[in-house]
Amino acid sequence: EVQLVESGGGLVKPGGSLRLSCAASGFTLSAYGMNWVRQAPGKGLEWVSSISSSSTYIYYADSVKGRFTISRENAKQSLYLQMNSLRAEDTAVYFCARGRCSTTCALDSWGQGTLVTVSS
Amino acid sequence: DIQMTQSPSTLPASVGDRVTVTCRASQSISNWLAWYQQKPGKAPKLLIYDASSLESGVPSRFSGSGFGTEFTLTISSLQPDDFATYYCQQSNTYSFTFGPGTKVDIK
């Protein structure tokens with residue numbers, strides 16, 4: 001069974017940093033691109049960042065570019081999101097999601113999410 | 001950047017209704033479109049990919065259609081478990097832009 005488990009969320013002050021982790025099991029992480037998607041309280045889904053299977057290609061939403069860094073360790077079946085210079089508007093539940101690409105790409109498996117709260 | 005819109009934002013419906021949600025892209029995305037269902041406090045669930053392909057395990061009452069800039073998600077006969085928020089998402093560019101969502105609630 002495919003499973004994604006996020007961790008590392010919590011309360012942080014504006015300007016602070018946090019590192020999220022996503023532990024993958026039930027599939028070979030190195031075969032898939034991976035993504036972070038967030039959802040602010042009461043709001044819709046916002047794609048944050050993507051990383052290809054071997055880390056060759058990395059993309060960010062404009063809202064986080066220059067502040068967030070996505071990375072992965074395939075040997076450890078793990079995905080990460082380093083978040084620096086955090087702002088109140090970064091407050092959200094952060095989901096990791098597996099990307100599946102055939103003809104097109106879709107996010108076919110999701111974790112349960114981890115809450116990040118940015119507040120003084 | 002490609003922008004995604006959805007209509008309506010809220011859709012009151014009853015069990016047994018045929019329900020249609022529309023998603024539009026600001027420019028052509030071919031068939032690079034997926035649909036997700038999300039219930040409160042839960043992660044999204046993939047329903048449709050390639051604009052019209054049903055994800056494994058998803059009931060056949062869900063269907064998707066469209067190409068280019070206009071897409072629809074149809075639920076042929078709404079069931080109690082289908083009251084949720086539905087999001088479209090494009091993956092034509094190197095990002096996964098979501099639509100704002102359509103909440104299907106009880107009429």
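Chain letters run A, B, ... following the sequence lines, proteins first, then strands; residues in each count from 1. No experiment lies behind these values; they were computed from the predicted model shown.
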Answer whether the closest heavy-atom distance between the side chains of [X] and [Y] falls below 4.5 Å.
X	Y	answer
Asp82(B)	Arg61(B)	yes
Trp47(A)	Gln89(B)	no
Gln6(B)	Met4(B)	no
Leu47(B)	Glu55(B)	no
Tyr32(A)	Ser109(A)	no
Val12(A)	Ser17(A)	no
Asp90(A)	Val116(A)	no

With only heavy atoms counted, which part of [X] is less than 4.5 Å from chain A, the side chain, the backbone, both or neither?
X	value
Phe96(B)	both
Ala43(B)	both
Gln90(B)	neither

| said: For chain A, which candidate among Pro100(B), Pro44(B), Ser91(B) shows the most heavy-atom pairs at distances under 4.5 Å? | reply: Pro44(B)
| query | Going by residue number, which parts of residues 50-87 of chain A are within reach of chain B, meaning a heavy-atom gap below 4.5 Å? | reply |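 So the qualifying residues are Ser50(A), Tyr59(A), Asp62(A).
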| query | Is the Tyr36(B)-Trp110(A) ring centre distance short of 6.0 angstrom? | reply |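 Close enough - the centres of the two rings lie under 6.0 Å apart.
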| field | Proximal component of Val37(A), with respect to chain B [non-hydrogen, under 4.5 Å] | value | side chain
| Measuring heavy-atom distances to chain B, does Ser49(A) have an atom under 4.5 Å in its side chain, in its backbone, in both, or in neither? | neither
| said: Could you report the tightest heavy-atom contact between Ala51(B) and Gly66(B), atom names first, then the distance? | reply: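 Residues Ala51(B) and Gly66(B), closest heavy atoms: CB-O, 3.8 Å.
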| query | Out of Asp108(A), Val93(A), Leu107(A), Asn35(A), which one racks up the most heavy-atom pairs below 4.5 Å with chain B? | reply |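 Maximum pair count with chain B is reached by Leu107(A).
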| query | For the candidates Cys105(A), Ala97(A), Ala106(A), which exhibits the highest count of non-hydrogen atom pairs separated by less than 4.5 Å from chain B? | reply |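 Of the options given, most contacts go to Cys105(A).
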| query | Step by step, would you call Glu6(A) with Tyr94(A) a side chain to side chain contact (heavy atoms under 4.5 Å, CB included)? | reply | CA-CA 8 Å; Glu6(A) 302 92 339; Tyr94(A) 285 73; over 6 Å; no
